[in-house]
Amino acid sequence: MMRAWILPMLLVLCGSAVSTAQVLRGNLGAAAVLLLVFVPLAGVDSPLIFPRSIGALEAQRRSAVDGRPVVFWRSGCKYCLRLRIRLGRSARQLHWVDIWRDPAGAAAVRAVNGGNETVPTVFVAGRPHVNPDPDWVREQLVPPA
């Protein structure tokens, strides 16, 4: 769980260090701009932007019941972030599994990707799709009843 926060924390620390250096030089405006760049970058790269993750077994069980796709992801993955942002509010309709928090999720991804933890891996009706187009994923969503 901790490694999901390494990059966001590094971004905040680096932004703080660079901003402090700017404050010490008397450049308050530059310091503020730098903080306004680094902090949102950290937020976007953190697990906070993704819907709440559940375990792989629970996601597979729920998917079997409601037919919704299961997305295996990890923080720091630019392709996962692209998928999440492009899905917008539709992302809430999917079951999200963070492979860094769930060993069973990581094992499921490795099983279909030749031993690699390639994400996002989206399971639709039990079939894996590696790094699918976000528009295609949106088409796979079951319309609400």
Side-chain angles (χ1 to χ4, degrees), residues 1-63 66-124 127-144:
M1 179 175 149
M2 186 60 189
R3 69 178 163 175
W5 289 98
I6 291 174
L7 186 57
M9 292 306 292
L10 285 175
L11 285 168
V12 169
L13 289 173
C14 289
S16 298
V18 173
S19 294
T20 301
Q22 292 298 318
V23 167
L24 293 175
R25 290 183 185 157
N27 298 330
L28 296 176
V33 168
L34 286 167
L35 275 179
L36 289 174
V37 168
F38 276 92
V39 171
L41 277 175
V44 165
D45 197 48
S46 77
L48 297 175
I49 195 169
F50 290 88
R52 188 173 83 71
S53 288
I54 58 175
L57 297 176
E58 178 65 15
Q60 291 164 346
R61 184 192 67 74
R62 290 182 186 183
S63 179
D66 62 19
R68 294 180 182 177
V70 177
V71 179
F72 291 89
W73 70 283
R74 65 171 173 77
S75 64
C77 169
K78 64 183 177 181
Y79 303 106
C80 297
L81 183 60
R82 176 185 73 113
L83 176 64
R84 168 61 186 100
I85 290 172
R86 295 241 342 251
L87 286 174
R89 289 185 178 191
S90 299
R92 295 181 191 148
Q93 297 177 30
L94 297 129
H95 302 293
W96 294 80
V97 179
D98 184 348
I99 66 168
W100 279 358
R101 289 185 176 181
D102 185 42
V109 170
R110 285 192 303 270
V112 299
N113 288 311
N116 297 315
E117 291 184 350
T118 307
V119 288
T121 297
V122 179
F123 280 77
V124 177
R127 297 188 65 210
H129 304 272
V130 180
N131 197 16
D133 183 78
D135 293 329
W136 179 84
V137 174
R138 190 177 293 107
E139 291 171 7
Q140 306 311 306
L141 295 174
V142 177

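Side chains included, hydrogens not; waters and symmetry mates left out as well; all remaining heavy atoms used.
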Notebook entry, point to check: Would a distance-only check, ignoring hydrogens and angles, find a side-chain to backbone donor-acceptor pair under 3.5 Å from S16 to V12?
Noted result: yes

Margin query: Could you report the tightest heavy-atom contact between S53 and W73, atom names first, then the distance?
Written below: OG-NE1, 3.2 Å

Notebook entry, point to check: Rounded to the nearest 0.5 Å, how far does SG of C14 lie from CG of L41?
Noted result: 11.5 Å

Checklist line | Non-hydrogen side-chain atoms of I54 and R62 separated by less than 4.5 Å | finding: yes

Next item on the list: Please examine the side chains of W136 and H129, heavy atoms only from C-beta on, and report whether any two atoms are closer than 4.5 Å.
Entry: yes

Next item on the list: To the nearest 0.5 angstrom, please state how far the CD atom of Q93 sits from the CD atom of Q140.
Entry: 12.5 Å

Checklist line | Nearest heavy atoms of L94 and S90, plus distance in Å | finding: CD1-O, 3.9 Å

Note to self: For A91, is there any backbone N or O sitting under 3.5 Å from a side-chain donor or acceptor partner on W96?
What the structure shows: yes

Check: Are the side chain of Q22 and the backbone N or O of V18 linked by a donor-acceptor pair below 3.5 Å?
Finding: no

Next item on the list: Please work out whether the ring planes of F72 and F123 are parallel, tilted or perpendicular, with thresholds of 30° and 60°.
Entry: perpendicular

Next item on the list: Report yes if the side chains of E58 and V97 come closer than 4.5 Å at any heavy-atom pair, otherwise no.
Entry: no

Checklist line | The single option from V71, V109, L81, V130 passing side-chain contact (heavy atoms from CB on, under 4.5 Å) against P120 | finding: V71

Next item on the list: Supply the atom-to-atom distance D66 CG to L141 CG, rounded to the nearest 0.5 angstrom.
Entry: 10.5 Å

Next item on the list: Starting at CG of L34, measure out to OG1 of T20 and round the result to the nearest 0.5 Å.
Entry: 10.5 Å

Next item on the list: For residues D102 and A56, report the shortest heavy-atom separation together with the two atoms involved.
Entry: OD2-N, 2.7 Å

Margin query: Determine whether a donor-acceptor pair (N or O, by modelled atom type, separation under 3.5 Å) exists between the side chain of R110 and the backbone of G114.
Written below: no

Notebook entry, point to check: If you round to the nearest 0.5 Å, how far is OG of S19 from CG of L24?
Noted result: 11.0 Å

Item checked: Minimum-distance pair of heavy atoms, taken over all atoms of V70 and A59 -> CG2-O, 3.6 Å

Check: Do V122 and L83 come close enough that some side-chain heavy atom pair is under 4.5 Å?
Finding: yes

Item checked: Residue pair R82, N131: steps toward the side chain to side chain contact (heavy atoms under 4.5 Å, CB included) verdict -> CA-CA 10 Å; R82 176 185 73 113; N131 197 16; 3.4 Å; yes

Check: For A31 and V23, which heavy atoms make the closest approach, and how far apart are they?
Finding: CB-CG2, 3.6 Å

Margin query: Could you report the tightest heavy-atom contact between S75 and D98, atom names first, then the distance?
Written below: N-OD1, 4.5 Å

Check: In Å, rounded to the nearest 0.5 Å, how long is the span from CZ of R86 to CG of D135?
Finding: 4.5 Å

